[in-house]
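Read through the structure below, which is laid out as structure tokens, and then see the notes.
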Amino acid sequence: MIASKKGELSFSPEALREKYRLEREKRLRTDGNAQYRDLSGLYADFEKDPYVEPGFTRPALTEQIDVLIVGGGFGGMLAAVRLRQAGVQSIRIVEKGGDFGGTWYWNRYPGAACDVESYIYMPLLEETGYIPKEKYAKAPEIFAHCQRIGRQFDLYKAALFQTQISQMDWDENTRRWNVTTTRDDKLAARFVIIAGGIMHKAKLPGIPGIETFKGHSFHTSRWDYAYTGGGPTGGMNRLADKRVGIIGTGATAVQVVPQLGASAKQLYVFQRTPSGVGVRGNQPTDEAWAKSLKPGWQEERIRNFTALVSGLEQDKDLVGDGWTSLFDASEMRRARSPEEAAELYQLSNFRKMEEIRARVASIVKDPVSAEALKPYYDPLCKRPCFHDEYLDAFNRPNVQLVDTDGKGVERITPTGVVVNGKEYEVDCLVYASGFEVTGDYTRKLGFDIRGRGGRSLNDAWADGPSTLHGVTTRGYPNLLMIGLTQSSWAINFVHILGELARHSAYIVEQSLKQGVEAIEPTQEAQDQWWGTILASLQKGGIAFGGAECTPGYINNEGQQPHPRMIRSAGFAGGTLGFIDILENWRKSNELSGLELTRGGSNP
Ligand code: NDP
């Protein structure tokens, strides 16, 4: 059956396999993640918050609270909302930025928009009575929604903005976390929920000469509108006489390039690996449709999408976009053996990328640029992108693609960027070079956590984490985590954040109701959870990255992961499978796998 299917193919799978291998090899490098540099030293200013007035001060707080939430992005806000709904009032939210929003507070670059449908991506739409204006909302609308949630659920009074945690110690006597902040607050919290986000530390490419550049430069997550003029929807009038270079062509650059192309005198796009860019098809919200929605519609739509992008069969495709068609697994389901399913999956992946490449050829007029913009790897090797203006931007006379043939930028000089020995002079350099994605939990957080006996979480997890559901960890009582470590992943990331927030809030609510002062998982429960994760990994399924992929942050830059990273793996039996596990655990109402210390008992 497969042979006859191959006969109908318009491409040679063998030739593509070989091309993919060659393109991957061009990009493999021995330094892996070490090729990047952080923003310390000369680049410390890159991290400054450009959206707040300088000089903010407030009196330091000393207080006892039930729950401290670290992070005011969607994860932290959702945890706070669920706690409020459960009647927990004594909350503090510590947030580095000057407002709620997390990713949507920081990423205000021109063209920023959600790339998962806003009706499923923006949380609490039914609770707030809000309907996004477009199928894919732009960043300012999403940020405003974060503020709406903050107002509606009375979260502002709990927020400590422009504040970071400096230290966190478990106190066995009081059974509280003693937390200090960069504003000298002293908070004694019964519970701490960590919702610090996964991509908030910007990184720069370690290109030789980067520190010698004398023009203006910044990272996309701190867009400098004072320099460019304009705002998140474009119109950067101060670039009209400027030569601008952008380094990076990932999901961020795909949204930025059309805007820069429309505003800059000259734009050079320095590319190492092209993104796969499918059709977006954004459209204004149909008001009649919005009025027809019945209570419960958002949850239904969210679950329908997550099921489809996990390869599960559904009667209908409510979102019906590039994501759901990318994950269409109906062909694989007809396979009679795992081998046949794997082959059909590979063929369908080739076909999807052939469509992406054909799209490039049909839009980009210059054949050399068109060829360079074609991605040669499987769809899930890199974050799939969807955009209707990105490719067309290369048809502008002032936009030039500078392809580095997988090698990356050679050198940066005081005046420009060198590729293949040729210098491209620029006034401004924009780094769309992404964020640190590391298996090192506390490095990601930016502070260490000292649990029972003063033990640092960094040391405890030196060889990898141990948790129950990725939410609690032994030795760190009353610490709840909302993140990717040993939990699960979702294309619609807010879906999983929402479920982990619900779960964390449930544990806090039950503990407070039952007079439990400390909870932590048993060793046995942690071991069992790791066993469940391992079993799910062995079964396989649709997954991002993979050793055969072209390098990138998704597959640890093509290098063998450190054992610590392997131990960070999440449940691979599907997002909905993970959510079921959490739901069933809560339904049993036993807090099973957790050791409970009740008030009054000896510490
Ligand atoms: P990425 O890490 O995806 O992209 C970094 C880019 O920099 C890559 O194209 C990389 O090339 C390039 N690069 C690195 N070093 C060099 C070098 N030396 N020379 C030339 N190019 C170089 O970061 P993004 O900010 O684009 O995206 C990060 C993630 O954020 C996304 O994957 C997505 O999950 C999320 N995101 C979500 C959006 C949304 O709408 N929801 C929008 C934007 C981002 P190479 O590929 O070869 O490594």
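For ligands, and for the atoms within them, numbers begin at 1 and follow the listed sequence.
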Next item on the list: Output all residues satisfying ring pair (Phe, Tyr, Trp, His ring centres under 6.0 Å) with F100, sequence neighbours left out; order by chain, then residue number.
Entry: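 Y156, F161.
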
Next item on the list: Quick one: list whatever passes ring pair (Phe, Tyr, Trp, His ring centres under 6.0 Å) with Y377, sequence neighbours left out.
Entry: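 Once residues adjacent in sequence are excluded, Y377 has no partner under the ring pair (Phe, Tyr, Trp, His ring centres under 6.0 Å) criterion.
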
Next item on the list: Please name the residue in the list R280, K138, K135, R383 that meets the salt bridge (Lys or Arg N to Asp or Glu O under 4.0 Å) test with D115.
Entry: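 In the set R280, K138, K135, R383, the residue that makes a salt bridge (Lys or Arg N to Asp or Glu O under 4.0 Å) with D115 is R383.
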
Note to self: Please check: side-chain N/O of S118 versus main-chain N/O of Y121, any donor-acceptor pairing under 3.5 Å?
What the structure shows: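 Not a single qualifying donor-acceptor pair exists.
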
Item checked: For C114, all residues meeting disulfide (SG to SG under 2.5 Å), sequence neighbours excluded ->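 Once residues adjacent in sequence are excluded, C114 has no partner under the disulfide (SG to SG under 2.5 Å) criterion.
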
Between the protein and ligand 1, which nitrogen or oxygen pairs come in under 3.5 Å, and how far apart is each?
residue	atom	partner	partner atom	Å
ligand 1	9 (O)	T249	N	2.9
ligand 1	9 (O)	G250	N	3.3
ligand 1	19 (N)	V409	N	3.1
ligand 1	25 (O)	T252	OG1	2.6
ligand 1	26 (O)	A251	N	3.1
ligand 1	26 (O)	T252	N	2.9
ligand 1	26 (O)	T252	OG1	3.3
ligand 1	32 (O)	Y553	OH	2.5
ligand 1	34 (O)	R383	NH1	3.4
ligand 1	34 (O)	Y553	OH	3.4
ligand 1	40 (O)	A113	O	2.6
ligand 1	40 (O)	D115	N	3.1
ligand 1	41 (N)	D115	OD1	3.0
ligand 1	46 (O)	K382	NZ	2.7
ligand 1	47 (O)	R272	NE	2.8
ligand 1	47 (O)	T273	OG1	2.6
ligand 1	48 (O)	R272	NH2	2.9

Next item on the list: Please confirm whether Y109 and F218 have ring centers closer than 6.0 angstrom.
Entry: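 Between Y109 and F218, the centre distance exceeds or equals 6.0 Å.
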
